[in-house]
Number of protein chains: 2
Amino acid sequence: MVPTPRPNDPELSDCSTHSRRPTIVDVARAAGVSTAVVSYTLNGRRGVSATTRERVLRVADELGWRPATAARSLRSGPAAAALVVVHDQPFGTRAAFPLDLVTGALQTLGPDTLTLAVHVAGSPAHAAQLMDRWWTERRYAAFVVTGVRVDDARLATLRSLPVPAVVVGVAVDPAPATWQHVVLDDGDAFAQVGAFLADLGHRRIAMVAGSEHLVAPVRRAAALESGLVRYGIELRTVAGDGPERASAALLPLLAAADRPTAIVTDDDATAGLVLDVARRLGLGVPWDLSVVAGTDSPACYLTTPSLTAVPYPVEELGRATGWALRTALGAAASRRVMGAEPAEGETPPSGIVPVGRLVVRGSTAPPAGS
Amino acid sequence: MVPTPRPNDPELSDCSTHSRRPTIVDVARAAGVSTAVVSYTLNGRRGVSATTRERVLRVADELGWRPATAARSLRSGPAAAALVVVHDQPFGTRAAFPLDLVTGALQTLGPDTLTLAVHVAGSPAHAAQLMDRWWTERRYAAFVVTGVRVDDARLATLRSLPVPAVVVGVAVDPAPATWQHVVLDDGDAFAQVGAFLADLGHRRIAMVAGSEHLVAPVRRAAALESGLVRYGIELRTVAGDGPERASAALLPLLAAADRPTAIVTDDDATAGLVLDVARRLGLGVPWDLSVVAGTDSPACYLTTPSLTAVPYPVEELGRATGWALRTALGAAASRRVMGAEPAEGETPPSGIVPVGRLVVRGSTAPPAGS
DNA sequence: TTGAAAGCGCTACCAT
DNA sequence: ATGGTAGCGCTTTCAA
């Protein structure tokens, strides 16, 4: 009864012992059809009779069949996109952003369309190298780029490749046809911040800018500045790239006699820092100093006082990114990814994500003596 | 002169136009050898003459050859591992942790050994589902799990599969043979925190615990408690799962007549919250209240006063995770990944990462009146 | 509507 | 030391 072991006989390779996953050959055999029919069925293509389709699906399910990623990719190209994060700053707040972005993107991608992986690089050049490599290795079908810097090596590299890409945060122009953009419509919001503070009566206003190497913060500072121009107010700007620099710039700024009565920061962490410095100098917020955070976050309503802030809809940004990915992959002539094109009933939004109105909390008030 | 277009003739498919990447067939032809020799050479295996090896490598480089991930995976199994992050809390600090972990892991993995991708799931069950799926689809060769919860669905799922896995933060026992563990040796550190505070003269000590659903915070609280026992001090513990709950628990705690003179938190964000609540109640830190953060971070030295904190060597944890991954993949009988075994001269560290001594900053002092 | 079969790019086995 | 070649699991013609 015990069969003679024949090592190289595939028929004998015990599925359970050898843990060999079922393939479409197994499904085809069990369903009594050819592998072509199985493939057609499992990919939901027409040309298979209803009864056959049902039987194949049932058998595949019973056998616990799952597609082998590699085999599928070998013919159809990769069904995954990657977001390569440049992670060179120890301060955590910004780093969390990509995960929230992914959460949003997944909502519009769906598990069967495309998977989105996050990778980490130490610099833009490193990220560029990884993307180049993974593109030529056909590992990913598209890439997402966030936190674009001035003269970013990643964009230069992506430009030299015919690669579908989604650029988040900046509208590059001119951009290759294979690129999609997702931008935050924060220009208006920052101009409104200026109007809000001016209307409160503030005349000496300063901004703690984000890194001058990042494109988006520079743009936001410019928007605030232009929003103040119509009030005849000149914006003072200090460098805020990293907590150390921001702290070093804030102390003399707030200790001076002509100190600003209102401060706008680019991000939430820096706004918290402003609160801290003000406290050390004995300045009461909002009575002696108003503070506006340029990037809202849960941290902004946990401080005392809570921080008036410009909304930062990261998940919304992520959803738009998901759509942009599908568009980019749909537009790519070769290497198309199944399910990239929006199905009927779905309306892909534009790549411009509205920011909404300033969230007014406790850190802003008319200046003292007004 | 113009050749008649023959659509299906592979010889005619123009490499530059069709953007067809070179394969080992191209390399073999250009080098005048067989594909087997090319494969052997490119995988650095012996049995190829020095002259041939050099020629093949040169040709491959000139042609810009890169391995096709899918084709290689089809035979050898996937050469990538995934860290599926459960990202269900809006508060950003914790979410940044996986990226730092990956940064550390990459230092011990090297670009050619194994790539580590981060994915995001909304719950442990969701993460478990993704890992199950990606394992059966042969998409990843191993998984990394962080932030293990009590009764974590991910561990149950991984246990039911013969999958190499690295569990970070908790030593599960008994664990499958394919698992590796990386734990922070923070028990001693937390016991030392107790001794430190007791030696300063504190007698009423409270801990704002992390989530009771996470394994590591529970363990840390227990370590602190046992460290205080020898001083005859009973630790008071309040729930600190999320800023809202922590804040709600802190107010009555610190407003009471028998309020603690020292507070230990599980993480850095909560410690910041303690500073804020103390300030609102008019308690001076460290004079009226000492604060120790259980997780050091850049945020801890930016506050006023800066926070005494237990070190949190995330990158070190990441490096250990990288080693653990290589071990797990080396131990896995099937599906071995090239380069998983440590080369000569490399000494894989144990999976227990030392935490080091408490970092004393400005938030701790003897209690008032001592 | 279904079946047979040719690859996709690479690795690994067996000859030579 | 090198060449020939059979697959890995799937998709996709082309015939029937």
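Atoms considered below: every heavy atom in the structure, side chains included; atoms not considered: hydrogens, waters and symmetry mates. Naming convention: chains lettered A, B, ... in sequence-line order (proteins, then strands); numbering from 1 in each chain.
Between the CZ atom of A:R46 and the C1' atom of C:dT1 there is a distance of 12 Å, rounded to whole Å. Between the P atom of C:dG9 and the CZ atom of A:R138 lies a distance of 6 Å, rounded to the nearest Å. Taking atom CG of residue B:L74 and atom P of nucleotide D:dG9, one finds them 7 Å apart after rounding to whole Å. Rounded to whole Å, the distance from CD1 on B:I24 to C1' on D:dG7 is 13 Å. For the pair B:N43 CG and C:dC13 P, the interatomic distance rounds to 13 Å; values are reported in whole Å. Atom CG of B:D26 and atom C1' of C:dC8 are 13 Å apart (whole Å). Between the C1' atom of C:dC10 and the CZ atom of A:R139 lies a distance of 15 Å, rounded to the nearest Å.
In this structure the side chain of A:R139 reaches within 4.5 angstrom of the side chain of B:T115, judged on heavy atoms. Residues B:V84 and B:V145 are not in side-chain contact: their nearest non-hydrogen atoms beyond the backbone lie 4.5 Å or more apart. Between B:V168 and B:V148 there is no side-chain heavy-atom pair separated by less than 4.5 Å.
Comparing B:G47 and A:A71 by the nucleotide of DNA chain D that holds the closest heavy atom to each, the one mapping nearer the 5' end is B:G47.
For the pair B:R72 and C:dG9, the criterion of a side-chain N or O lying under 4.0 Å from OP1 or OP2 is not met.
B:T157 and B:S160 are not linked by any side-chain donor-acceptor pair at a separation below 3.5 angstrom, with hydrogens and angles left out of the test.
Of the candidate nucleotides C:dC10, D:dC10, C:dC13, C:dC13 has the atom lying nearest to any side-chain atom of B:Y40. The side chain of A:S76 lies closest to D:dT11, out of D:dG9, C:dC10, D:dT11.
In this structure, B:R45 reaches the sugar-phosphate backbone alone: every heavy-atom distance under 4.0 Å involves primed, P, OP1 or OP2 atoms, never a base. As judged by a 4.0 angstrom heavy-atom cut-off over every strand, A:V33 is placed among residues touching the sugar-phosphate backbone only. Among the atoms of the strands shown, base atoms are found under 4.0 Å from some heavy atom of A:S39.
Using modelled atom types, no side-chain atom of B:R72 and backbone atom of B:G77 make a donor-acceptor pair closer than 3.5 Å.
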Could you walk me through whether B:E54 and B:R58 pass the salt bridge (Lys or Arg N to Asp or Glu O under 4.0 Å) test, one step at a time? CA-CA 6 Å; B:E54 198 179 345; B:R58 186 169 43 74; over 6 Å; no
B:T136 and A:W65: CA distance, side-chain angles, deciding distance, side chain to side chain contact (heavy atoms under 4.5 Å, CB included) verdict: CA-CA 8 Å; B:T136 56; A:W65 177 87; over 6 Å; no
Kindly indicate, with the supporting measurements, whether the criterion ring-ring contact (aromatic ring centres under 6.0 Å, His included) is fulfilled by B:Y140 and B:H119. CA-CA 12 Å; B:Y140 291 108; B:H119 289 270; 5.6 Å; yes
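More than 12 heavy-atom neighbours from other residues, nucleotides or ligands sit within 6.0 angstrom of CD on A:E62.
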Between the protein and nucleotides 4-6 of chain D, are there any N/O to N/O pairs under 3.5 Å, and if so, what are the atom names and distances?
| from | atom 1 | to | atom 2 | distance (Å) |
| --- | --- | --- | --- | --- |
| D:dT5 | O4 | B:T35 | OG1 | 3.3 |

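Using a 4.0 Å cutoff on non-hydrogen atoms, the parts of residues 48-66 of chain B near DNA chain D are B:V48, B:S49, B:T52, ordered by number.
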